[in-house]
There are 2 protein chains.
Amino acid sequence: MQNLSSMHNITEHHNHQRCIDDAMTRAKALCHSRQVKFTRIREQVLACVWANHQPVGAYTILEELAKDSSRRPAPPTVYRALDFLLDNGLVHRIASLNAFIGCQDPSHQHQGHFLICRQCRNATELDTDIINTAINTAAKQHGFSVEVPCVEVVGCCAHCKENRDND
Amino acid sequence: MQNLSSMHNITEHHNHQRCIDDAMTRAKALCHSRQVKFTRIREQVLACVWANHQPVGAYTILEELAKDSSRRPAPPTVYRALDFLLDNGLVHRIASLNAFIGCQDPSHQHQGHFLICRQCRNATELDTDIINTAINTAAKQHGFSVEVPCVEVVGCCAHCKENRDND
DNA sequence: AAATAAAATGTTATAATATTGCATTTGCAC
DNA sequence: GTGCAAATGCAATATTATAACATTTTATTT
């Protein structure tokens with residue numbers, strides 16, 4: 001299901017093990033400070049999500065869990081873990097892909113904006129206010145109160161534009 | 001499946017029959033000018049989508065078609081009609097709801113931005129560049145080329161804020 | 001008008017994603 | 001250890017979407 005480009009990292013040569021370690025450490029600390037349980041399953045699911053920078057589907061996670069342990073968990077196991085991670089801001093859901101991705105900054109509640117590369121399928125979470133401001137401005141003109149902005153932009157990332165093997 | 005608020009219109013007292021008539025007229029003219037066929041099924045599906053301003057699911061459309069004619073169409077019938085309507089810009093898909101909504105302006109190709117009211121479930125398509133500009137600006141900073149921006153904002157519309165029966 | 005080709009629709013089956021409901025286990029407070 | 005709440009296991013099923021192939025309709029050519 002994953003193509004070759006799944007081996008590309010979000011920037012060409014970043015140390016992804018560091019991404020994973022940081023994410024897991026942050027998650028552990030955050031759950032501890034919130035007094036919620038970072039159970040084995042939740043940890044495994046988060047690790048799957050952080051395996052790379054591509055949004056991953058619930059059933060793909062299921063496959064991965066089945067590889068690790070001899071027992072094959074059922075869908076609710078994964079969905080419950082994902083719900084927990086979503087609630088605690090540790091992952092985001094990408095609605096347009098029915099997939100999940102690790103959150104870059106779980107410490108403060110937010111709904112990220114994503115740049116999703118059609119080519120390598122990496123998704124980059126944006127940390128800018130420009131888009132939220134624009135959305136709020138546009139919404140205000142309609143008397144609309146924004147609660148959950150969802151921005152998922154499909155296109156072509158810088159790295160894939162360089163390696164012109166696209167389309 | 002629809003709640004009571006489904007009777008609210010997108011603005012409090014707009015003549016929705018006019019919305020429908022306009023949309024159907026536009027669709028007919030547009031298909032004629034493009035020399036593509038606005039068949040009975042496509043027309044029925046578009047009419048379902050325009051029945052109100054709430055995004056409607058494919059299987060809800062299926063139910064509606066079953067009511068009209070004695071024969072019950074199968075899912076591919078509806079999905080094929082929806083694909084046609086999407087291709088021709090007559091409807092948009094709301095990814096976060098797995099649902100479809102009529103396009104306000106099918107004459108030029110665009111991916112709309114939507115304000116979706118959590119309360120009455122109406123979705124308003126925005127016609128502003130503010131958001132696209134912001135997305136392009138943010139994307140540019142990452143060397144990312146935008147192809148399909150998807151903006152689906154959940155919140156509370158002006159009308160529902162007035163009638164404080166929310167939450 | 002008959003033959004042909006292309007497009008649209010019908011039909012069956014199935015894939016992919018997600019949830020419900022209830023049983024069991026685990027971790028923790030007392 | 002007892003009792004409770006949270007977490008997980010498990011079976012079934014709901015929801016959304018597509019694949020593959022047959023049939024019908026429409027348009028085009030002859």
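Reminder, nothing fancy here: chain letters follow the sequence lines and each chain counts from 1.
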* **Below 4.0 Å: OP1/OP2 of D:dT8 and any side-chain N or O of A:Thr77** => no

* Counting N and O atoms only, with roles assigned by atom type, does the side chain of A:Glu64 sit under 3.5 Å from a partner on the main chain of A:Cys48, one being a donor and the other an acceptor? -> no

* Structure fact -> A:Leu62 CG to C:dT19 C1', in whole Å, measures 14 Å

* Set of ring-ring contact (aromatic ring centres under 6.0 Å, His included) partners for A:His113, sequence neighbours left out -> none

* For DNA chain D, whose closest nucleotide is more 5', that of A:Ala74 or that of B:Asp83? -> A:Ala74

* Shortest non-hydrogen separation from A:His110 to A:Glu125 and the atoms involved -> NE2-OE2, 2.6 Å

* Asked: In whole Å, what is the span from the CD atom of A:Glu63 to the P atom of C:dA16?
  -> 10 Å

* For B:Leu85 and C:dA8, give me the distance from atom CG to atom C1', rounded to whole Å. => 14 Å

* **Listed partners of A:Asn98 passing side-chain contact (heavy atoms from CB on, under 4.5 Å), at least two apart** => A:Arg93

* Asked: Considering only heavy atoms, which members of residues 93-102 of chain A lie under 4.0 Å from some atom of DNA chain C?
  -> A:Arg93, A:Asn98

* To do: May I ask you to say what B:Arg80 touches in the nucleic acid, namely base, sugar-phosphate or nothing, with a heavy-atom cut-off under 4.0 Å?
  => base

* Interatomic distance where CG belongs to A:Leu82 and P belongs to C:dT19 [whole Å] -> 10 Å

* Asked: Sequence neighbours excluded, which residues qualify as side chain to side chain donor-acceptor pair (under 3.5 Å) partners of A:His32?
  -> none

* To do: For the side chain of A:Ala58, starting at C-beta, report the closest nucleotide among C:dA18, C:dC22, C:dT12.
  => C:dA18

* **With sequence neighbours excluded, residues passing side-chain contact (heavy atoms from CB on, under 4.5 Å) with B:Gln35** => none

* Structure fact -> Rounded to whole Å, the OH-P distance (A:Tyr79 to C:dA16) equals 12 Å

* To do: Examine the base of C:dA18 for any acceptor or donor lying under 3.5 Å from a partner atom in the side chain of A:Tyr59, and report the outcome as yes or no.
  => yes

* In whole angstrom, what separates B:Leu86's CG from D:dT16's P? -> 16 Å

* Could you check how far CZ of A:Arg71 sits from P of D:dA11, rounded to whole Å? => 11 Å

* Asked: With sequence neighbours excluded, what pairs up with B:Lys28 under the salt bridge (charged side-chain N to carboxylate O under 4.0 Å, His left out) test?
  -> B:Glu43

* Asked: Residues two or more places apart in sequence or in another chain: which of them pass salt bridge (charged side-chain N to carboxylate O under 4.0 Å, His left out) with B:Asp22?
  -> B:Arg18

* What residues form a ring-ring contact (aromatic ring centres under 6.0 Å, His included) with A:Phe114, not counting sequence neighbours? -> A:His92

* Structure fact -> Here the residues of residues 27-43 of chain A within 4.0 Å heavy-atom distance, strictly under, of DNA chain C are none

* If you look at every strand shown and take non-hydrogen atoms under 4.0 Å, does A:Pro76 touch a base, only sugar-phosphate, or nothing? -> base

* Using whole Å, report how far CZ of A:Phe84 lies from C1' of D:dT8. => 14 Å

